Amino acid sequence: VPGAEALVVRVVSSVDKKLEVKPRFLEIFQEENYPPEFPYKSKVVLLFQKIEGVEVCLFGMYVQEFGSECAFPNQRRVYLSYLDSVKYFRPEVKAVTGEALRTFVYHEILIGYLEYCKKRGFTSCYIWACPPLKGEDYILYCHPEIQKTPKSDKLREWYLSMLRKAAKEKIVVDLTNLYDHFFVYAGECKAKVTAARLPYFDGDYWPGAAEDLINQLRQEEDGRKLNRKGTTKKTITKRALKASGQSDLSANASKDLLLMHKLGETISPMKEDFIMVHLQHCCSHCCILMVSGTRWVCNQCKNFQICDKCYEVEQKREERERHPINQREKHVFYPVEITDVPTDTKDKDEILESEFFDTRQAFLSLCQGNHYQYDTLRRAKHSSMMVLYHLHNPTAPAFVTTCNVCHLDIETGQGWRCEVCPDFDVCNACFQRDGGIDHPHKLTNHPSMAERDAQNKEARQLRVLQLRKMLDLLVHASQCRSAHCQDLKDHLKRLQQQSDSRRRAAVMEMMRQRAAEVAGSSG
């Protein structure tokens, strides 16, 4: 980058995961063989810049990649899960394009990633443009006070300006949003309106909102059953089901349509925040993103093309039902072979496991527990150095060990640990003074740095398990109010779910306030 020096982009975590579908949603589609889980690859990408001789972490993003081996509706889709940055980029100047140089760099990282996904054969990318709630951080803990959190419209425009650049570079084929693509019929679209078509991502808005709505609908249904004042009408009529393209007239189909109606009402006012990026061409009839065979392009209409299957059906239609409908003169399609999309999206990069970057919540917990803050440049330098230390030393303790006798920090290799109690350590000075006589169990010497490096694979795995226990204890001691302590991953999952719920609630409150303002101004 002209003008900016010592920039390093690094993937620090790349692991295979499975996303479980929430039970209430899965129940509605159990007869349609909807997948109970979706395999995906979770990646973490960080940007470092050497500032005054120290590598400082300035930017980070978490992404979810659902490959060609994944079932529909997630096949070949990418979700930009979280993105965060701190304002220490050097120099603080504008690029020739007129935007801040740091914005140019961050945009280039995202555009480069989208191009990488397109070349691997992914069809679309999804972005929920939702700023963090006040007092909360996404990835980097404790931002500088001078850095303002953008409003949703500013954040959305930040993403869209990046995507417009990507479109100019022929990386992005088309831009739309979740609502317009899946919830409404547009043009000659013939795809069924069903929640089974919606891409299902970890931490996204609609899966959590859907589960809440299904629960709400179930309670209303139970309430109607308890009401003995005669029978009530069915929620959705058979005529309505047919009108929405549903051939299935079962109770679950009725729930599906009602769920889409309720979700649509929720998403519609803020639909522009749910950005859908097409990396491949979309069939204008069935809305499938085409990756093989031929796409049949209309010789007159802009951005109108259909897949092989829909072209075959089109040829069998009566003249008046052919494209364009409602026009006497029919258009001609010409074939374009699809040859540049790989048959599979397999990632050639090796698996990179990191306990600290496994989830954004795990990384935040590490930073919060050790006060790895980014609110000043000095602290950002120290925090970045410690993040790199943990990255290069995965078996090192996640948190500073404190002596249970004198309460001072214990340096590496300078202490003794109980073999029975998971959180009892004493420093060398206290151990030499009384030999740990006051403790009922045997104490063993902490391994030195050299000894730790020499540990074999089995011992390293054992150390990772101990590390997980330490993390669990720290979280339990600081936050857990339950009498029964749960596994760390369960706890982090709960924290993530609580964070997602707060985000959804905040978005709903914002929409209510907007609606009230509109109603007030019109009155």
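No experiment lies behind these values; they were computed from the predicted model shown.
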Stepwise side chain to side chain contact (heavy atoms under 4.5 Å, CB included) check, D137 with Q368: CA-CA 11 Å; D137 297 301; Q368 288 167 344; 5.6 Å; no
Assess the residue pair R360 and Y138 against the criterion (side chain to side chain donor-acceptor pair (under 3.5 Å)); give the C-alpha distance rounded to whole Å, side-chain angles, the decisive distance to 0.1 Å, and a yes or no. CA-CA 7 Å; R360 71 158 195 109; Y138 276 166; over 6 Å; no
Can you list the steps and then say if F357 with F363 is a ring-ring contact (aromatic ring centres under 6.0 Å, His included)? CA-CA 5 Å; F357 289 102; F363 181 62; 4.7 Å; yes
K262 and T266: side chain to side chain contact (heavy atoms under 4.5 Å, CB included), yes or no, with the steps? CA-CA 6 Å; K262 293 276 189 185; T266 307; 5.5 Å; no
Passes side chain to side chain donor-acceptor pair (under 3.5 Å), S68 versus R76? Steps please. CA-CA 5 Å; S68 53; R76 294 178 181 262; 4.6 Å; no
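Residues V105 and Q49 fail the side-chain proximity criterion, which asks for heavy atoms closer than 4.5 Å. Within the 4.5 Å cutoff, the side chain of V12 has no heavy atoms near those of the V387 side chain. Side chains of F38 and P73 form a contact here, defined as non-hydrogen atoms less than 4.5 Å apart. Between S284 and E188, the closest side-chain pair of non-hydrogen atoms is not below 4.5 Å. Here the side chains of T149 and H143 are not in contact, with every heavy-atom distance at 4.5 Å or above. Between C301 and H323 there is a side-chain heavy-atom pair separated by less than 4.5 Å. Residues R379 and C142 fail the side-chain proximity criterion, which asks for heavy atoms closer than 4.5 Å. The side-chain heavy atoms of R102 and L58, taken from C-beta on, include no pair separated by under 4.5 Å.
A salt bridge is defined here as a Lys NZ or Arg NE, NH1 or NH2 lying under 4.0 Å from an Asp or Glu carboxylate O, and R218 with E27 meets this definition. With respect to K22 and E211, no salt bridge is recorded, no charged nitrogen being found less than 4.0 Å from a carboxylate O. E157 and K151 are not joined by a salt bridge, as no carboxylate oxygen comes within less than 4.0 angstrom of a charged side-chain nitrogen. Contact check on K309 versus E312 returns no salt bridge, with no Lys/Arg side-chain nitrogen under 4.0 Å from an Asp/Glu carboxylate oxygen.
Note: F333 and F304 have tilted aromatic rings, judged against thresholds of 30 and 60 degrees for the angle between ring planes. Note on ring orientation: taking the six-membered ring where Trp is involved, the planes of F356 and H390 are tilted (angle from 30° to 60°). In this pair, H278 and H181 present their aromatic rings perpendicular. The plane angle is above 60°, beyond the 30 to 60° band. Aromatic ring pairs are classed by plane angle as parallel below 30°, tilted from 30° to 60° and perpendicular above 60°; the pair Y113 and Y116 is tilted.
Counting all heavy atoms, side chain and backbone alike, D358 lies closest to S42 at O-OG, 4.4 Å. Taking all atoms of both residues into account, the shortest heavy-atom contact from G67 to F122 is CA-CE2, 3.9 Å. Residues A4 and P91 approach most closely at CA-CD, 4.1 Å, considering heavy atoms.
With sequence neighbours left out, the salt bridge (Lys or Arg N to Asp or Glu O under 4.0 Å) criterion links D308 to no other residue. Applying the ring-ring contact (aromatic ring centres under 6.0 Å, His included) rule to W296 yields the partners Y311; only residues at least two apart in sequence or on another chain are considered.
Within a 6.0 Å radius of CD in E99, more than 12 heavy atoms belonging to other residues, nucleotides or ligands are found. Summarising the local packing, CD of E92 is surrounded by 12 or fewer heavy atoms from other residues, nucleotides or ligands at distances under 6.0 Å. Heavy-atom contacts from other residues, nucleotides or ligands closer than 6.0 Å to CD of E108 number more than 12. Around CD of E145, the count of heavy atoms belonging to other residues, nucleotides or ligands within 6.0 Å does not exceed 12. In K17, the NZ atom is crowded: over 12 heavy atoms of neighbouring residues, nucleotides or ligands sit closer than 6.0 Å. Counting heavy-atom neighbours within 6.0 Å of D349 CG, excluding the residue itself, gives a total above 12. More than 12 heavy-atom neighbours from other residues, nucleotides or ligands sit within 6.0 angstrom of CD on E169.
The only option from W128, F25, F182 that meets the ring-ring contact (aromatic ring centres under 6.0 Å, His included) definition with W206 turns out to be F25.
Side chain to side chain, D204 and Y79 meet the donor-acceptor criterion of an N or O pair below 3.5 Å.
Taking the six-membered ring for Trp and the full ring otherwise, F201 and F66 have centroids separated by under 6.0 Å.
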